[in-house]
Engineer: 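Dropping the structure in here first, questions after.
Order of the sequence lines sets the chain letters (A, B, ...), proteins ahead of strands, with each chain counted from 1.
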There are 2 protein chains.
Amino acid sequence: MIKKDTIPPVCALDYAFRRIGGKHKARILWYIFKQDNVMRYGELKKRIQNITSKMLTQTLRELEEDGLLNRKVYAQVPPKVEYSLTTTGMELIPFIDHIGAWGRKQMEKESQ
Amino acid sequence: MIKKDTIPPVCALDYAFRRIGGKHKARILWYIFKQDNVMRYGELKKRIQNITSKMLTQTLRELEEDGLLNRKVYAQVPPKVEYSLTTTGMELIPFIDHIGAWGRKQMEKESQ
DNA sequence: GTATATAGTATCTAGAAAGGTACTAATGCA
DNA sequence: TGCATTAGTACCTTTCTAGATACTATATAC
């Protein structure tokens, strides 16, 4: 979310949310982490149902540019590309975990 | 970020990020927390420089609707309105703290 | 020679979030 | 009488993010 390249972040929170605040970003990191830190493009596509390939590619590219994901291309046909979290990306996992737990709790509360 | 009312969240992470993923949301919660959990509208306006009153009001309203902020109106003129975190809002503080720390660390790395 | 699999691109459009500017209410005070 | 104060509204425009649809490359299997 929010223009990332044009204007510098106003603070660390701004910086951080620009990197993981997108619609699917946190989920992508989380799913890869949960699959032993390796997922292929097609697996992600299935997991995040309803995402278009354009959006998935675009989001993966941003995560890669921001140093949160590794992209490993195998020189074969049909193509095989694997995504995995970098060390930096890994550092976000506890945060994603906790905020997911918070969300789950709130959703339960709301549904009562 | 992301349409919040029309379509139900796909998961807890989606739910959570819809609530604190906005451009200023995490910062607002954080600043209020840091000011002993009370801030007036005008104080926030000064703190978050460059935000328009329209955006500030809108964001505060959303946070209130989502049960993260209390809004206390004093019946006096000129008006006085105080914002403070709810218990639920408070629960987000550790995460905001964590991700802010992550952001700070990354920014330092980048600047080297 | 054709079909299949995989990881994408390209182009156009819709929708959501954010920004700009101007304006308001009601009271106390000079 | 007129001005300052505070917390907003109203209305319009711009910018960003996301979605829809169609299309591509190339080795291998059949």
Engineer: Once you round it to whole Å, what is the distance between P of C:dA17 and NZ of A:Lys23?
Structural biologist: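 Whole-Å distance recorded here is 10 Å.
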Engineer: Rounded at 0.5 Å granularity, tell me how far CG in B:Leu13 sits from NZ in A:Lys23.
Structural biologist: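 Taking CG in B:Leu13 and NZ in A:Lys23, the distance rounds to 14.0 Å.
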Engineer: Which residues in residues 72-79 of chain B have a heavy atom closer than 4.0 Å to any atom of DNA chain D?
Structural biologist: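 Nucleic-acid contacts, sorted: B:Pro78, B:Pro79.
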Engineer: What's the spacing between A:Ile51 CD1 and A:Lys46 NZ if we round to 0.5 Å?
Structural biologist: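 If I round to the nearest 0.5 Å, the distance is 15.0 Å.
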Engineer: What residues form a side-chain contact (heavy atoms from CB on, under 4.5 Å) with A:Val81, not counting sequence neighbours?
Structural biologist: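 Residues passing side-chain contact (heavy atoms from CB on, under 4.5 Å) with A:Val81: A:Arg71, A:Val73, A:Tyr83.
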Engineer: Can you identify which nucleotide, out of C:dT6, D:dA7, D:dA18, has its nearest atom closest to the A:Met55 side chain?
Structural biologist: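 The closest nucleotide is D:dA18.
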Engineer: Is any NZ, NE, NH1 or NH2 atom of the basic residue among B:Glu62 and B:Arg19 found under 4.0 Å from an Asp or Glu carboxylate oxygen of the other?
Structural biologist: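 No.
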Engineer: Using the test side chain to side chain donor-acceptor pair (under 3.5 Å), find all partners of B:Arg47 that sit at least two apart in sequence or belong to another chain.
Structural biologist: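 Partners of B:Arg47 by the side chain to side chain donor-acceptor pair (under 3.5 Å) criterion come out as none, since no residue qualifies.
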Engineer: Any side-chain N or O of B:Arg40 less than 4.0 Å from the OP1 or OP2 oxygen of D:dT6?
Structural biologist: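 It does not, given that no N or O in the side chain of B:Arg40 lies less than 4.0 Å from OP1 or OP2 of D:dT6.
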Engineer: Rounded to whole angstrom units, what separation is found between the CD1 atom of A:Ile20 and the C1' atom of D:dT17?
Structural biologist: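 Interatomic distance, CD1 of A:Ile20 to C1' of D:dT17: 17 Å.
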Engineer: What distance do B:Ile32 atom CD1 and B:Leu44 atom CG have between them, rounded to the nearest 0.5 Å?
Structural biologist: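 Between B:Ile32 CD1 and B:Leu44 CG, I get 5.0 Å after rounding to 0.5 Å.
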Engineer: Please give, in whole Å, the distance from C:dA17 P to B:Leu56 CG?
Structural biologist: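 About 17 Å, once rounded to whole Å.
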Engineer: Using whole Å, report how far CD of B:Gln58 lies from P of C:dG19.
Structural biologist: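 So the two atoms are 10 Å apart, to the nearest Å.
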Engineer: Can you list every ring pair (Phe, Tyr, Trp, His ring centres under 6.0 Å) pair that touches residues 91-112 of chain A, not counting sequence neighbours?
Structural biologist: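 Matches after skipping sequence neighbours: A:His98-B:Phe95.
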Engineer: Which residues in residues 29-39 of chain B have a heavy atom closer than 4.0 Å to any atom of DNA chain D?
Structural biologist: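 Here the set is empty: none.
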Engineer: Kindly state each residue pair satisfying side-chain hydrogen bond (donor to acceptor under 3.5 Å, both in side chains) with at least one member in residues 48-60 of chain A, sequence neighbours excluded.
Structural biologist: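 Output for this query lists A:Tyr41-A:Thr57.
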Engineer: What integer distance in Å separates A:Arg19:CZ from D:dT17:C1'?
Structural biologist: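 My rounded result for the distance is 17 Å.
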Engineer: For B:Phe17 and C:dA17, what is the distance between atoms CZ and P respectively, to the nearest whole Å?
Structural biologist: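 Result: 15 Å.
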Engineer: Using the salt bridge (Lys or Arg N to Asp or Glu O under 4.0 Å) rule, collect all pairs that involve residues 89-104 of chain A, keeping only residues at least two apart or in two chains.
Structural biologist: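 Non-adjacent pairs meeting salt bridge (Lys or Arg N to Asp or Glu O under 4.0 Å): A:Glu91-B:Lys105.
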Engineer: Atom CD1 of B:Ile48 to atom C1' of C:dA18: distance rounded to whole Å?
Structural biologist: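 Rounding to the nearest Å, CD1 of B:Ile48 and C1' of C:dA18 are 14 Å apart.
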Engineer: Treating primed atoms plus P, OP1 and OP2 as sugar-phosphate and everything else as base, which nucleotides of nucleotides 8-13 of chain C get B, S or - for protein heavy atoms under 4.0 Å?
Structural biologist: BBBB--
Engineer: A:Lys45 NZ to C:dA7 C1': how many Å, rounded?
Structural biologist: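 In whole Å, C:dA7 C1' lies 10 Å from A:Lys45 NZ.
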Engineer: Could you list the residues that satisfy side chain to side chain donor-acceptor pair (under 3.5 Å) with B:Glu108, not counting sequence neighbours?
Structural biologist: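 So B:Glu108 forms no side chain to side chain donor-acceptor pair (under 3.5 Å) with any residue.
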Engineer: Taking only residues two or more places apart in sequence, or in another chain, which ones meet A:Lys80 in a side-chain contact (heavy atoms from CB on, under 4.5 Å)?
Structural biologist: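 Listed in chain order: A:Arg40, A:Tyr74, A:Gln76, A:Glu82.
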